[in-house]
Amino acid sequence: MPVIRLTYFVDGRSCSREFESGIVVIGRAPECDVVSPGGMGISGRHSQLHSDADGWTITDLNSRYGTLVNDQRVTTARLTHNDVVKLGTFDVRVHLVESGNVTAIESTQPGDVSIVNSINIHDYAQSMIVSDEIVELDDMADHTPQVSAVDRQSSLIRAFNRAGEMLLTAQGLDEMLDSILELLFSTFRCERGAVGLYDAASKRIDLKSTRSVYPGDEIRLSQTVTGEAVDGKNCVLVKDARRDNYAHAASLQEQQVRSAMCAPLYRNGNVTGLLYLDTLEEDSCFTESELEILAAMALFTAVGLEQILLRERLQKEERDRERLSRYSSPAVVERILSFAGSGKIEPEEREISILFADLSGFTAMSEKMTATEVATFLNGIFERLTQAIFDEGGTVDKFIGDAIMAIFGAPLTQADHAIRAVRAALQMQEALDKYNFELFGTYKIRMRVGVNSGPAVAGDIGSLQRRDYTVIGDTVNVASRLESSVALPHQVVIGPKTYEMVQDSIECMALDPVRVKGKELPLQPYLVLGSR
């Protein structure tokens, strides 16, 4: 038994409903299965459709103005594919679809098939043998539309060859879409055109490239046409927008559009955008054969779009990997990318440990060094300190002059973040000692380290132009104060929460309570003596 699809217009927008079986009531009442707008001469419960083993039947429910099938008034009638049902002034086109398949819609506007024609893009893609795998664009060149004129066929082959070249050689999305629109203008007798991308989540079409032969012209797409293209997955041809059946399409009338074509960018069952062309000229109406050409070009473009978006996604992932590798160990980078969707991490509150380390004695020494010598010296130190942080699974948040800030417990959850942070601090002191003896034979450069644990907001934070992964909150501020105001050179000082978490593994000594900016009560710091 076929599925029935009902296509109709509400407030100038094409709507489509499908029913597999049962009873379908059409009328003005809100409880009906298909609800028509008011004021169209339709009763509350106007007609009823019901299914049986042989198909679908429509029955008039004693409506005031009756039910017409193909302009013939009926009480009960068997429905066939492409019947037009009239309920008052509310027209419904009937499409009978075999279960699991999609049947091409010949017309989205009942009454006059010559005004609007369409090609179902799914069926057309199948006829071109476009597989579900990513295909090479060169392979699609063999599937050009069939036309009768030899010269026209030659020009089409040249056009499709150019399309393949453009899609394969474009360096970016914008360049590709601009090139496609340029090709459309050289192929069709059009005056205005647009290429748009479709966002299924917001159901919005973003025009990425537009072109018009009229200076200062603003192209506005008809919701009637684009709705049929995107929602119905159909390539739509409007032969003459001035005809009565398109009087409701306000944007077409306001822009004085004579003829238009629109084809969805269809790939693997999804619509990702559309190609749109129109003309205002009296003698430049588009034809069915041109619609078929546009449909093929839309399939080409959809494949090219998929490939270029994949390329850009891989390039972005590589940039994210490169950026993250400067702050985290390779193993952590891969886990972050897998966990956070290409490196973007939304801010959230986490339990973490923060480490601040600052070099002591470096400022005085750097005054006698050139800028190049300063950079080389710092790079040598930071390379060793960073490796100690990476060894404990930490993330370097930032370098601040001759200081360094590191995070443990974010972006990846680490239950033992406190012990990791303290162990990293001890390894950092040891690494700096070795570097001192390598260069000077003594402790010339020393380091203060402060570690604090607790809640903080962690995630990508910043402006639209630049966002970086970081942490903010009172826990971070206290860690900074412990390093700058409590720790002495060559010491590691930790906060009370960190001490609670590491006291079984790390030997510590309580220091005198200190007042820290932003805290009402004195803070109890602890000096780290070493591992137990």
Side-chain angles (χ1 to χ4, degrees), residues 327-329 332 336 345-358 385-386 388-398 400 403-430 447-461 469-532:
Y327 308 110
S328 300
S329 64
V332 172
I336 292 173
I345 307 174
E346 296 298 331
E348 62 176 345
E349 187 170 275
R350 303 285 293 272
E351 285 289 331
I352 61 173
S353 291
I354 301 294
L355 180 153
F356 277 91
D358 191 17
L385 301 184
T386 298
I389 294 170
F390 286 178
D391 287 346
E392 290 296 336
T395 296
V396 175
D397 181 279
K398 59 177 67 73
I400 314 165
I404 187 171
M405 172 183 168
I407 311 166
F408 295 82
L412 300 177
T413 301
Q414 296 166 324
D416 57 345
H417 53 82
I419 189 65
R420 288 174 179 268
V422 175
R423 284 201 305 253
L426 293 174
Q427 290 180 43
M428 291 166 68
Q429 294 285 20
E430 183 179 350
M447 181 172 60
R448 300 186 305 271
V449 181
V451 178
N452 191 44
S453 305
V457 175
D460 284 340
I461 297 173
Y469 186 83
T470 190
V471 289
I472 56 176
D474 182 65
T475 299
V476 181
N477 298 333
V478 171
S480 177
R481 301 288 187 272
L482 290 173
E483 175 271 310
S484 61
S485 303
V486 182
L488 299 176
H490 208 259
Q491 286 186 346
V492 176
V493 175
I494 63 176
K497 182 64 176 295
T498 308
Y499 173 72
E500 291 178 11
M501 300 175 71
V502 305
Q503 58 182 322
D504 293 338
S505 303
I506 302 295
E507 187 176 356
C508 302
M509 180 180 72
L511 300 176
D512 293 336
V514 296
R515 288 196 172 275
V516 177
K517 184 179 180 181
K519 291 288 188 180
E520 295 182 2
L521 299 177
L523 180 72
Q524 175 62 65
Y526 293 84
L527 175 65
V528 174
L529 302 178
S531 298
R532 290 189 181 278

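The two residues P525 and L482 come nearest to each other via the heavy atoms CB-CD2, 4.0 Å. Across all their heavy atoms, A388 and Q427 have their closest contact at CB-CB, 3.9 Å. Shortest non-hydrogen contact noted between S453 and T475 is C-CG2, 3.6 Å. Residues A406 and I389 approach most closely at CB-CD1, 3.6 Å, considering heavy atoms. For the residue pair T395 and P411, the shortest heavy atom distance occurs at OG1-CD, 3.7 Å. A357 and M428 get closest at one heavy-atom pair: CB-CE, 3.8 Å.
Checking R350 against T413 by side-chain atom types alone, a donor-acceptor pair falls below 3.5 Å. Side-chain contact of D397 with T470: a donor-acceptor pair under 3.5 Å is present, judged by distance alone.
You'll find the side chain of S485 stays beyond 4.5 Å of the side chain of V514, heavy atoms only. Two residues are said to be in side-chain contact when any heavy atoms from C-beta on lie closer than 4.5 Å; V476 and F356 meet this criterion. Residues I354 and I407 are in side-chain contact: their nearest non-hydrogen atoms beyond the backbone lie under 4.5 Å apart. Proximity of E483 to M405: side-chain heavy atoms (C-beta onward) are nowhere separated by under 4.5 Å. Between F408 and I419, every side-chain heavy-atom pair lies at or beyond the 4.5 Å cut-off. Within the 4.5 Å cutoff, the side chain of R481 has no heavy atoms near those of the L523 side chain.
Here the side chain of T498 pairs no donor or acceptor atom with the backbone of A418 at under 3.5 angstrom.
Checking each of Q414, R420, R423 against E392 for a side-chain hydrogen bond (donor to acceptor under 3.5 Å, both in side chains) leaves exactly one that passes, namely R423.
Going from atom CG of N477 over to atom CG of N452 covers 9.5 Å, rounded to the nearest 0.5 Å. Separating the CG atom in L521 from the CZ atom in R515 is a distance of 7.5 Å, to the nearest 0.5 Å. The distance from the CG atom of D358 to the CZ atom of R448 is 4.5 Å, given to the nearest 0.5 Å. With values rounded to the nearest 0.5 angstrom, D391 atom CG is found 10.5 Å from T386 atom OG1.
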N/O donor-acceptor pairs under 3.5 Å from side chains in residues 500-513, not counting sequence neighbours:
none

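In this structure Q429 satisfies the side-chain contact (heavy atoms from CB on, under 4.5 Å) test together with M447, V449, H490, V492, sequence neighbours excluded.
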